[in-house]
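Taking it in order: structure first as structure tokens, then the write-up.
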Amino acid sequence: MPREIKHLSLLNCVLAGFFFIVVNSVWLFASENCQACHKEMQSSCKLTCEECHISSTAPGQIQPADHPKVIANPSKEAYWQEKCAPCHAKEIEKFKNSLHYSLAGIIGQTRFLWGKTNSPLDENPTESRRELLQLKTNAAHSTAELADALLAQKCLSCHFEAEGRTQAKGRKRAAGCASCHIPLDQKSGKPLFGHKMQQKVSDATCMTCHSGNRVGADYYGYFEHDYHKAYQTPYGAEAQFASFQHRMVPDVHQLAGLQCMDCHSRPDVMGGITASAFEGQNRDTRKCTQCHGGFDHIVQRIELKNSVPQFDKTVIAHKEFHHKVSCAACHAGWSYQDYGLHLFFDQSNHYDQWGDFIWQDDAEITHLLQEQLNRPPGSRQNAHTRNKLSGKAMAGAWYKGWTFRRWEGIVLGKGEKGLYVPIRPLYQYYVTYVDSLDNVWLDSQIPLRKDGKPGWNWDTYAPHTIQAGGRACENCHGNTLAAGLGIRSSLKDSVANAITLPSAPILPLTRLLNSHERKKLLYPSARYKKWRIKAMKKNGLLKLLHN
């Protein structure tokens, strides 16, 4: 071997050894001294800092230069196989088979109602999410072309992979597994329990997504104010969930101390049904009858029989004629009824018209309006908001409002097993689109589905507003709203607003009442009157009226 090559080989060996020593000294430095800078980060397990936060696939080098590449949040999906699967492979596989993971219900139903797809069932949630993650442009002239922009820039802010630390008070959360298992302080955005995964998920964490007149917030009695500043709570009150809130009667179970996870158990939220199933089809949610019994249900657990009220067949409302009535249809104290969802997609820099609508259930919209309205009109920029999945800026902002909102009435439909169940509008869209050149492409347009029908939907709804006593019989019997004939005082009156007339539900196993069922509700029979008088006697109401 020539002398030059020998010398070069020797030099290479020396350099390789030096590089090995340097690299390992850096990793040793990281291993021994991470907490010198990150004092608040206390591990909750036997893993070292490096085992979670050092990765060869880390996207970039951070400063200082001698710091190893790190991943700030190893609980994000990109690192599951490398970091989580060695211990939690089963949990990951189950979670991937859940609506919490895919949000397939939201994606599939929105695309269907806006005319993009032929079915409300998202057949391929993985592909759908990939398309939304890569979405960059949103120029369109129809609701079908705008559906994905709405999802990416608005609806999917609650996706578990969407970063939520900058969200409003009440909605601050991390991304990935940490979105549920590392709760954040809702003022500072810092972890409440330091650097420790929490096995038990708190209600406050659930409501970082389940708020804004969606199931979950009603459990605590939250009902959004209208967005105009005239309806904001005065005297220094803080916005909660990026809007102001009425405080209604909470659910009786919440008052008794039950948490969300007491009914929505681990199989429910971590993969109880297939990712492409419809919302509301989860069989793992604890049912009322499992604790309280029912017409055909007997509670087997003695401790429950002795500790919770049991179904009492001597109660007149529990007679066989209500055998096909769901518990919530009578025991829900109130229900979200939000009519007419107006979505205004604006790519221009005209913000003055939104000055009275700063708080509208979206922290990014609030920040955009506050920032731009503080600038002189001539220096205002065209609206941009983030793709919630990728974090990248996209042209335009989605503003929203409602025709009107109510809570006192419950509308009935027919659900699974032919039960009478509450239904609500989800949603009645009116879409406006103005581009950056002030061209108006859509003006309060109702989306059209591919089959040509209006893209409106009413769906089964389980109000989390249960009260110990059922509502009065007249809340359903003789009630035009409950029968699905809209808000009106009587059958002789015209409907107050056509949007209070329910649209046919798009999901299977749910429908509106038919004419025979409506007739039974609206025209009380002699049998009904007989039992109603018995109930009034039992409750002492007749004696009260005679006095």
Side-chain angles (χ1 to χ4, degrees), residues 100 157-158 164 167-173 179-189 192-193 198 200-227 231-233 235-265 268-269 279-280 282 285-288 291-292 308-309 327-338 359-363 366 402 405-410 422 424 426 460-471:
H100 259 156
S157 61
C158 280
Q167 287 278 25
K169 178 184 176 184
R171 290 221 176 116
K172 294 183 186 296
R173 61 175 183 81
S179 60
C180 290
H181 293 287
I182 296 187
L184 305 183
D185 180 273
Q186 290 303 310
K187 288 188 176 180
S188 67
L192 274 175
F193 303 102
Q198 303 297 305
K200 185 173 181 179
V201 178
S202 71
D203 284 10
T205 300
C206 297
M207 284 202 294
T208 58
C209 286
H210 294 272
S211 52
N213 282 21
R214 290 174 281 273
V215 172
D218 54 353
Y219 191 62
Y220 279 80
Y222 286 112
F223 187 104
E224 275 191 341
H225 286 203
D226 269 353
Y227 297 147
Y231 297 99
Q232 294 174 13
T233 306
Y235 312 119
E238 281 190 277
Q240 185 81 346
F241 315 122
S243 59
F244 287 84
Q245 309 288 324
H246 295 287
R247 295 309 301 268
M248 309 289 289
V249 178
D251 192 294
V252 68
H253 300 91
Q254 190 277 321
L255 295 175
L258 271 70
Q259 302 286 297
C260 300
M261 293 295 292
D262 289 323
C263 290
H264 298 280
S265 59
D268 186 344
V269 299
E279 300 283 359
N282 203 331
T285 303
R286 179 168 288 177
K287 307 298 189 293
C288 307
C291 292
H292 299 285
V308 302
C327 302
C330 282
H331 285 276
W334 53 276
S335 165
Y336 290 137
Q337 295 293 331
D338 300 320
W359 300 99
Q360 49 177 284
D361 188 36
D362 188 326
T366 299
W402 304 89
R405 317 180 84 172
R406 299 172 75 97
W407 59 69
E408 69 273 26
I410 289 180
R424 63 177 292 206
L426 288 170
T460 303
Y461 163 53
H464 284 38
T465 61
I466 301 302
Q467 306 302 308
R471 293 177 300 118

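Just so you know, these numbers come straight off a predicted model, no measurement behind them.
Counted by atom type alone, Gln467 and Thr465 present zero donor-acceptor pairs between their side chains at under 3.5 Å. Using a 3.5 Å distance cut-off with no hydrogens or angles, the side chains of Ser265 and Asp268 do not pair a donor with an acceptor. For the residue pair Tyr220 / Asp203, a side-chain donor-acceptor distance below 3.5 Å is found, with atom types taken as modelled. Side chain to side chain, Thr208 and Thr205 fail the donor-acceptor criterion of an N or O pair below 3.5 Å.
Rounding to the nearest 0.5 Å gives a distance of 8.5 Å between NE2 of His264 and SG of Cys206. Expressed to the nearest 0.5 Å, how far SG of Cys180 lies from NE2 of His100 amounts to 6.5 Å.
The backbone N or O of Asn213 lies less than 3.5 Å from no partner atom in the side chain of Glu224, so there is not a single donor-acceptor pair. At distances below 3.5 Å, at least one donor-acceptor pair connects side-chain atoms of Lys287 with backbone N or O atoms of Thr285. Checked by atom type and distance alone, the side chain of His464 never pairs as donor or acceptor with a backbone atom of Val215 at under 3.5 Å. Of the possible donor and acceptor atoms, one in the side chain of Gln245 sits under 3.5 Å from a partner among the backbone N and O of Gln240. With hydrogens and angles ignored, the 3.5 Å screen pairs no side-chain donor or acceptor of Ser243 with any backbone N or O of Ala239. Distance alone, capped at 3.5 Å, places no donor-acceptor pair between the Lys169 side chain and the Gln186 backbone.
With contacts defined as side-chain heavy-atom distances shorter than 4.5 Å, the pair Phe223/Asp338 qualifies. In this structure the side chain of His253 reaches within 4.5 angstrom of the side chain of Ile466, judged on heavy atoms. Using a 4.5 Å heavy-atom cutoff, the side chains of Cys330 and Arg471 are not in contact. Side-chain contact check for Asp262 versus Arg286: every heavy-atom pair is 4.5 Å or farther apart. Under the 4.5 Å side-chain criterion, counting only non-hydrogen atoms from C-beta, His292 is in contact with Pro309.
Taking the centre of each ring, Trp359 and His225 stay at or above the 6.0 Å mark. If you look at Phe244 and Tyr227, their ring centroids are not closer than 6.0 Å.
The residue from His246, Met248, Met207 that alone fulfils the side-chain contact (heavy atoms from CB on, under 4.5 Å) condition with Tyr222 is Met207. Exactly one of Tyr461, Trp334, Trp407, Tyr336 qualifies for a side chain to side chain donor-acceptor pair (under 3.5 Å) with Asp218. That residue is Tyr461.
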Could you check Met261 against Val269 for side-chain contact (heavy atoms from CB on, under 4.5 Å), going step by step and ending with a plain yes or no?
CA-CA 9 Å; Met261 293 295 292; Val269 299; 4.2 Å; yes
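Under the salt bridge (charged side-chain N to carboxylate O under 4.0 Å, His left out) criterion, Asp361 pairs with Arg171, Arg214, Lys400, not counting sequence neighbours.
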